[in-house]
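What you are looking at is a predicted structure, and each value in this text was computed from that prediction instead of being measured.
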Amino acid sequence: MYDIIVVGAGPAGMTAALYACRAGKSVLILEKETFGGQITYSPKVENYPGIAQMSGSFFADQLLEQVLAMGAEVEMETVTGVKAVPQGYAVLTDGGEFDCRAVILATGSRHRQLGLPHENELVGEGVSYCAVCDGAFYAGKNVAVIGGGNTALQEAVLLSETCAHVTLVQNLPVFTGEEKLLEILRAKDNVSFLTETVVAELQGETALEAITLDKNGEKSTLTVDGIFVAIGQVPENEPFASLVPLTAQGYFDCGEDCVSETAGVFVAGDCRRKTVRQITTATADGASAALAACKYVDAL
């Protein structure tokens with residue numbers, strides 16, 4: 001039996017594991033896809049204290065190496081649920097189950113889709129959610145980035161370096177990302193901006209050919225070779241709803257202390273309700289959740 005099992009290996013989960021290991025606890029990290037979570041999609045991180053510039057992948061690799069050196073164990077498993085057992089909890093996965101005294105849920109979130117017809121069919125054929133992953137395929141071509149937050153602006157900066165033209169499409173009157181990123185984009189000749197505009201339709205049968213735009217009821221067509229959707233994240237917390245209440249948006253309804261109403265269950269990172277979702281707030285959550293979990297385990 002482990003002292004603590006961490007579900008999710010993003011910045012929050014791996015920071016939690018780091019703190020728990022340093023406190024002398026046995027720790028298992030369960031991750032279903034990629035170590036580092038969403039941060040691995042960021043080509044350039046410039047707002048992490050003490051490091052002027054790095055890639056998200058570099059940060060994730062360094063954190064994982066640090067956690068493993070501290071003695072944490074890792075398993076690539078998809079967690080399907082958590083149930084109480086006499087001495088703590090059993091974390092259920094698609095490959096079996098693991099017992100522990102406390103659980104930290106750092107499940108993160110996934111890319112939000114536009115919700116348009118044929119969107120899934122066009123993924124990889126003009127529809128993408130990751131410029132780092134797919135941007136090279138559109139070198140010299142025309143693309144659109146859908147969204148107006150930091151992620152969308154970062155994607156646009158990256159794409160503008162190789163694409164013929166980048167159009168930013170934002171449904172709000174203003175862009176909500178950092179002004180510094182906007183300044184970089186405004187200085188580029190191959191970037192244009194559309195506000196108060198939504199994507200109403202994806203055109204093309206087997207590959208994306210154009211998108212239909214709707215600005216206050218006025219329809220227009222933008223011919224593009226690809227679009228990069230960056231309109232936020234969706235939490236995947238349903239398997240744990242019986243343990244921790246969810247908000248209307250599906251986030252864990254827990255505060256800054258990262259302590260849930262279920263004894264021995266803690267949450268950390270983008271999966272919980274919060275107003276700011278940044279790498280710094282994720283790592284802060286990881287530390288808070290781990291220290292609370294360690295205190296709980298020590299008291300057993």
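- Between Ala16 and Ile104, the closest heavy-atom pair is CB-CD1, 3.9 Å.
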side-chain contact (heavy atoms from CB on, under 4.5 Å) between Ile29 and Glu75, intermediate numbers included: CA-CA 6 Å; Ile29 305 173; Glu75 293 286 350; over 6 Å; no
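- Within 6.0 Å of CD on Glu218 lie no more than 12 heavy atoms contributed by other residues, nucleotides or ligands.
- With contacts defined as side-chain heavy-atom distances shorter than 4.5 Å, the pair Gln66/Gln62 does not qualify.
- Ser160 places a side-chain N or O within 3.5 Å of a backbone atom of Val157 that can act as its donor or acceptor partner.
- The nearest pair of heavy atoms linking Thr197 to Val169 is O-CG1, 3.6 Å.
- Thr93 contributes a side-chain N or O that, together with a main-chain N or O of Gly96, makes up a donor-acceptor pair within less than 3.5 Å.
- The closest donor-acceptor contact from the side chain of Asn171 to the backbone of Gly147 lies at 3.5 Å or more, if one exists at all.
- More than 12 heavy-atom neighbours from other residues, nucleotides or ligands sit within 6.0 angstrom of CD on Glu121.
- Inspection of the Gln113 and Tyr129 side chains reveals an N or O donor paired with an N or O acceptor under 3.5 Å.
- A donor-acceptor pair is defined here as one N or O able to donate and one able to accept, closer than 3.5 Å; no such pair exists between the side chain of Glu97 and the backbone of Ala90.
- Relative to the six-membered ring of Phe266, Arg272 misses at least one condition, a distance below 6.0 Å or an angle of at most 45° to the axis.
- Panel note: side chain Glu31, backbone Glu33; a donor-acceptor pair is recorded below 3.5 Å.
- No hydrogens or angles considered: nothing links the side chains of Ser109 and Asp270 as a donor-acceptor pair under 3.5 Å.
- Among all heavy-atom pairs drawn from Ala210 and Thr223, the shortest one is CB-CA, 3.8 Å.
- Cluster annotation: Tyr251 and Val79 are assigned to distinct hydrophobic clusters (Ile/Leu/Val/Met/Phe/Trp/Tyr, side-chain heavy-atom contacts under 4.5 Å, transitive).
- Here the side chain of Glu125 pairs no donor or acceptor atom with the backbone of Leu208 at under 3.5 angstrom.
- Put simply, NZ on Lys25 and CG on Asp298 are 3.5 Å apart, with the number rounded to the nearest 0.5 Å.
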Criterion side-chain contact (heavy atoms from CB on, under 4.5 Å) on Ile211 and Ile227, from CA distance to verdict: CA-CA 9 Å; Ile211 54 177; Ile227 63 171; 3.9 Å; yes
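- No donor-acceptor contact under 3.5 angstrom links the side chains of His118 and Glu205, judged on distance only.
- When atom types are taken as modelled, the side chain of Thr283 and the backbone of Thr15 share no donor-acceptor pair closer than 3.5 angstrom.
- Atoms CG and CG, on Asn142 and Asn190 in that order, are 9.5 Å from each other to the nearest 0.5 Å.
- Using a 4.5 Å cut-off on side-chain heavy atoms (C-beta onward), Tyr89 and Lys83 make no contact.
- Separating the CZ atom in Phe137 from the SG atom in Cys163 is a distance of 12.5 Å, to the nearest 0.5 Å.
- Checking side-chain atoms of Ser26 against main-chain N and O of Asp3 turns up a donor-acceptor pair under 3.5 Å.
- The distance from the CG atom of Leu30 to the OH atom of Tyr2 is 8.5 Å, given to the nearest 0.5 Å.
- Hydrophobic cluster membership differs between Val166 and Val224, with clusters built from Ile, Leu, Val, Met, Phe, Trp and Tyr side chains linked at under 4.5 angstrom.
- Judged by distance alone, with hydrogens and angles left aside, the side-chain atoms of Ser128 form no donor-acceptor pair with the main-chain N or O of Phe228 at under 3.5 Å.
- Residues Pro11 and Ala282 share a closest heavy-atom pair of CB-CB, 4.2 Å.
- By the 4.5 Å heavy-atom criterion applied to side chains, His111 and Gln233 are counted as neighbours.
- Heavy-atom neighbours of Phe193 CZ from other residues, nucleotides or ligands within 6.0 Å: above the threshold of 12.
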From CA spacing to verdict: side-chain contact (heavy atoms from CB on, under 4.5 Å), Val6, Val27: CA-CA 7 Å; Val6 180; Val27 178; 4.1 Å; yes
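- Linking Ile, Leu, Val, Met, Phe, Trp and Tyr whenever their side-chain heavy atoms come within less than 4.5 Å leaves Ile231 and Val143 in two separate clusters.
- Listed for the Thr262 side chain is a donor-acceptor partner under 3.5 Å among the backbone atoms of Leu243.
- Minimum interatomic distance between Arg273 and Gly255 (heavy atoms only, all atoms of both residues): NH2-N, 3.7 Å.
- No donor-acceptor contact under 3.5 angstrom links the side chains of Glu256 and Ser288, judged on distance only.
- Side-chain contact between Glu179 and Arg186: present, with at least one pair of heavy atoms (C-beta onward) separated by less than 4.5 Å.
- Looking at Leu202 and Thr212, their side chains never come closer than 4.5 Å, going by heavy atoms from C-beta outward.
- To the nearest 0.5 Å, atoms OH (Tyr19) and CD1 (Ile4) are separated by 14.0 Å.
- Few gaps surround NZ on Lys188; more than 12 heavy atoms of other groups in view lie less than 6.0 Å from it.
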Stepwise side-chain contact (heavy atoms from CB on, under 4.5 Å) test for Leu63 and Phe35: CA-CA 9 Å; Leu63 185 52; Phe35 290 100; over 6 Å; no
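- Side-chain contact between Leu181 and Gln154 is present, with at least one heavy-atom pair separated by less than 4.5 Å.
- Side-chain contact between Val45 and Ile39 is present, with heavy atoms from C-beta onward closer than 4.5 Å.
- Cluster annotation: Leu172 is not connected to Phe175 through the hydrophobic network of ILVMFWY side chains, with a link wherever side-chain heavy atoms come within less than 4.5 Å.
- When the side chains of ILVMFWY residues are joined at heavy-atom separations under 4.5 Å, either directly or via intervening members, Tyr296 and Val103 end up in two distinct hydrophobic clusters.
- Using a 3.5 Å distance cut-off with no hydrogens or angles, the side chains of Asn47 and Gln278 do pair a donor with an acceptor.
- Inter-residue side-chain proximity for Phe252 and Leu246 is flagged as met; some heavy-atom pair is nearer than 4.5 Å.
- The two residues Ala268 and Ala289 make their nearest non-hydrogen contact at CB-CB, 3.9 Å.
- No more than 12 heavy atoms of other residues, nucleotides or ligands lie within 6.0 Å of CG in Asp189, so this atom counts as exposed by the packing criterion.
- Residues Thr107 and Asn237 have side chains that bring a donor and an acceptor to within less than 3.5 angstrom of each other.
- A salt bridge between Glu77 and Lys32 is absent, with no side-chain N of the basic residue lying under 4.0 Å from a carboxylate O of the acidic one.
- In this structure, Leu68 CG and Cys21 SG are separated by 9.0 Å, a value rounded to the nearest 0.5 Å.
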